[in-house]
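Here is how names work: the chains are called A, B, and so on, in the same order as the sequence lines, proteins then strands, and each is numbered from 1.
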Amino acid sequence: MPSPFIIDRSSVTQIMAWVLVALLPGIAVYVWLFGPGILITLSLATVTALVAEAAMLKARGYPAKPFLADLSAIVTAWLLALCLPSLAPWWLIITGTLFAIVVAKHLYGGLGQNIFNPAMVGYAVLIVSFPVQMTQWAGPLELTLIEPGAVQLSLAQSAAVIFGGDLPKATLDAITMATPLDVLRTGLHQQLTVDEVMTQPIFGHYGGIGFEWLAAAFLLGGLLLWALRIISWQVPLAFLAGIWLTAGFLHFFDAGRFGAPWFHLFSPSVMLCAFFIATDPVSGATTPRGKLVFGLGAGFLTMVIRTWGGFPDGVAFAILLMNLCVPLIDQYTQPKIYGAARKEPRA
Amino acid sequence: MSRELFKFKGGIHPPGHKAESTGRLVHPAPLPKKLVIPLRQHIGNPARPVVNVGERVLKGQLIAAADGAISAAVHASSSGIVSAIGPACVPHISGLPDECITIETDGRDEWIAHGPLDYQALAPADLLARLRDMGLAGLGGAVFPSAVKLDPGAALVCPTLIINGGECEPWITCDDMLMRTQADAILQGVAIMRHLLGSSEILIGIEDNKPEAIAAMQAAAAKLDFAVETVSLPTRYPGGGAKQMIETLTGKQVPSGKLSTDIGIQVFNVGTAHALARAVHHGEPLISRLVTVTGHVLRAQNVEVLIGTPFDTLIQLAGDRDGTTGVLMGGPMMGLPIPDTSVPVVKATNCILVKSAELFPPPPKALPCIRCTRCADACPAELQPQELFRFAKSDDFGRAQEYHLFDCIECGCCSYVCPSHIPLVDFYRYAKSEIWARERDKRAADLARERHEFRLFRQEREKTEKAEKLAAKAQAKRAELAAAPTDASSSGASEADAKKALIAAALARAQAKKAETTPQNTDNLSPDTQHEIAEIEARRAKIREQARKPLESEETP
């Protein structure tokens, strides 16, 4: 063996484990606000992902142990689960996870080879194929307290909904609610102004009531990852800037038709994406400037899709579109090497 | 300490392990029975033997002379009889035997007549020639002949002289101990360097994990009649690399593909300065050096070792232990594995590091790259190692070169930080050696094609010449017969001349065009690079085998 003869203690497993740890504050807030149903979703996605990963590794002739131990499949499962509606039916969860692991990850070559973010591929497949089921969100705690007839479901009740198959529509309507983004979109379609829509009880200080706390919890976990240098600052900052600048620009010109930048920024999907999804190293840009371009582009596209697109949220499609651009971005943002001609001596 | 320091990009903080070997006093190693002294211990041409087998030599006697502009002489490290001149095992990256002079020592350690040089009275050219004959070469690792570096040439000025006491590699402490114990002698060497280079600014860079060395150098510098600034540098590998030290101290970067002298800076290792002082003030050629013997030994220490002393005698001196898993020459980041511990200490041997499974556990199995770019963050050459890895692995050598593969200094930072434990540097070595091999093949093919084309051309020309000659002859004969001589044959000759001139001109044009289109990156190589090529050639086959293996985890069970 030639040099070097020492290596750092870090490992892929360690990186992935920290990502999972950083998701815990978000999961805790999720459980508190939306009920324990998410734990069922997370568990189901995790088991599905591990089984699918093991099966694919076996089919491809790879050793299962080192790759299962890298925890990357669980990260994918958790990220997808957190994007799904909290009361999504079991088959939706399994389908999405299978698609993420089998098609988006392993058919592209497995760990490190996938062009697209697996969790976002899973999400995109589901939202395109099953748009109705993808709206089965439980209402947030604060709203269930004030809304007449609304309840927060217990674990058993959530399980009944998730595994119960087809519920009568009336029952489902009673326990699910539109997300703030949906409410805003519907209101705007009804020719209401943003301010009029915002008077509805689902909206809180910045974002949706409850939703904004979830966003804050993801932000907290994201800052932990940054403090540990597991993610770089470029991607989250550029992504949030992309959201804020685009939303701010639109809001500045027509505050009646476009939501405020803070509202868009403090949605859980944006915070989750900024720190956990856009920062996926495998499918993201690698150069420092490329990371800025990637983040800005994803933020901008998210806002464009949210504003004019046909889907309630644009995060998944924005990430997938930017994944497509990564080779180009990387090629044109190669940094100067040591000793390359520079305009002025570096300080 | 008020000097503004700059930050080089990248770098890592591996555990230092310096204290293991700094606790014992520096002492001379015992005289071995046999000294094996390689003729090629430096960059450049190997030295030429000037003694014969059976001849008695004295300590310090020239046994092989410098050959060519870039070379350094080799001397007997002790008195004795030359018992062999020929190939022997040497600590070289290729693992191949090289030409050595073996001396059976007589135990008397008898010096040849020697005395100090008055360096201020000698003409610089004479002084440099003497230094070359003293076998001086850089002791920091590159072993570049010092006389060449001390001759800045008419066009170059080196206002800044940097003395490198960085010693950033873990485990190694020979420079540290040298500075602690020989600060005055080091500065005597610095004074000679200043005299030759005409430097106006002299900086000594020492990493701040060596406070005793810094104090000793500062105290010694205070006694001088010229200004020498001892600068404490933040400890960060590879901060002791010449390019990194230049940037830390001056904020300047050595332009890619150029030398530090191009920006007016020359860098020497502290050991080189010490050796220079011994050579000039005592007339002693470079026949010994400080070596750290550390790692999995009972008594890690620094010893003053005669060049040619076998590694195993030093390992025994330091107390060898069970459970040794290998020996390195140098540190754990860039050191060289030594398959055979009978190899001799050479001018480049700064450290003998004995490995064990506890101190140097084998790396875990490699996983695929996840493009986390920790390697890019750690790369002091500011490259994109993850891309270079991708290109090297897929044999896309053109892209690898576009992404500046040859600016890689093989410091190992990328491999150190890689969470997938990919032996990245191995892949770069593989790609480099493949590229050199292809360049060489291409040059050979070009030459062959040129020869072939010329042969066809020559055959054609001979044919036409023959035909013309025959025609002229026939015409002359006819003319003779017709009794109308001379002018017909002469016009035929001038026609042939014109044709020849035309052909020659065409050939010249074709050659000029060819010269223009030859890739430039392999022209005008510095001796440094040529040496590198030679080394790479030698280890190519070996590396290829290693690097061509797929990542272990990718093997199908």
task = Answer yes or no: does atom CZ of B:F391 have more than 12 heavy-atom neighbours from other residues, nucleotides or ligands under 6.0 Å?
result = yes

key: Interatomic distance, A:K65 atom NZ to B:K365 atom NZ [nearest 0.5 angstrom]   = 9.5 Å

Portion of B:R399 that has a non-hydrogen atom of chain A nearer than 4.5 angstrom = side chain

ask   = Side chain, backbone, both or neither: which part of B:P170 has a non-hydrogen atom closer than 4.5 Å to chain A?
value = side chain

query = Crowded around A:F99 CZ? As in, over 12 foreign heavy atoms under 6.0 Å?
reply = no

message = Out of B:G10, B:P362, B:P419, B:S420, return the one with the most heavy atom pairs under 4.5 angstrom to chain A.
response = B:P419

message = Could you measure the distance from the CG atom of A:D8 to the SG atom of B:C418? Nearest 0.5 Å is fine.
response = 10.5 Å

key: Gap separating the CD1 atom of A:I337 from the CG atom of B:D407, nearest 0.5 angstrom   = 3.5 Å

remark   = Applying a strict 4.5 Å limit to non-hydrogen atoms, the region of B:P14 in contact with chain A is side chain

remark   = So, the part of A:I231 with a heavy atom under 4.5 Å from chain B: the answer is neither

Most chain A-contacting option - heavy-atom pairs closer than 4.5 Å, from B:H13, B:K258, B:M334 = B:M334

query = Using a cut-off of under 4.5 Å for heavy-atom pairs, which of A:S10, A:G109, A:P335 has the most such pairs with chain B?
reply = A:S10

message = For B:G335 versus A:F5, what's the shortest heavy-atom pair and its separation?
response = O-CE1, 3.5 Å

ask   = Between A:G110, A:S72, A:P288, A:S11, which residue shows the highest count of heavy-atom pairs closer than 4.5 Å to chain B?
value = A:S11

ask   = Is there a side-chain contact between B:P364 and A:I7, using heavy atoms and a 4.5 Å cut-off?
value = yes

Exercise: identify the closest heavy-atom pair between A:P4 and B:G412 = CG-O, 3.6 Å

ask   = Taking atom types as modelled, is there a side-chain donor on A:T287 or B:Q384 under 3.5 Å from an acceptor on the other?
value = no

message = Within the 4.5 Å heavy-atom criterion, are B:R429 and A:P2 side-chain neighbours or not?
response = yes

ask   = So which part of A:R229 gets closer than 4.5 Å to some heavy atom of chain B, the side chain, the backbone, both or neither?
value = backbone

request  = Answer yes or no: is there an ion pair linking A:D330 with B:R371, defined by an N-O contact shorter than 4.0 Å?
outcome  = yes

query = Which value, rounded to the nearest 0.5 Å, describes the distance between B:L359 atom CG and A:I6 atom CD1?
reply = 11.0 Å

task = State the SG-CD distance between B:C369 and A:Q113, to the nearest 0.5 angstrom.
result = 8.5 Å

key: Part of B:K243 lying under 4.5 Å from any heavy atom of chain A   = both

request  = Answer with side chain, backbone, both or neither: which region of B:T373 has an atom nearer than 4.5 Å to a non-hydrogen atom of chain A?
outcome  = side chain

query = Would a 4.5 Å heavy-atom cut-off, applied to side chains only, mark B:V254 and A:Y338 as touching?
reply = yes

key: Shortest non-hydrogen separation from A:P281 to B:C372 and the atoms involved   = CB-CA, 3.7 Å

key: Closest-packed option against chain B by number of heavy-atom pairs under 4.5 Å, given A:S232, A:G112, A:S283   = A:G112

task = Go through the structure and list residues passing salt bridge (charged side-chain N to carboxylate O under 4.0 Å, His left out) with B:K432, not counting sequence neighbours.
result = B:E410

inquiry  = To the nearest 0.5 Å, what is the distance between CD on A:Q334 and NE2 on B:H404?
reply    = 7.5 Å

ask   = Which region of A:L111, side chain (C-beta onward) or backbone (N, CA, C, O), has a non-hydrogen atom less than 4.5 Å from a non-hydrogen atom of chain B, or is it both or neither?
value = both

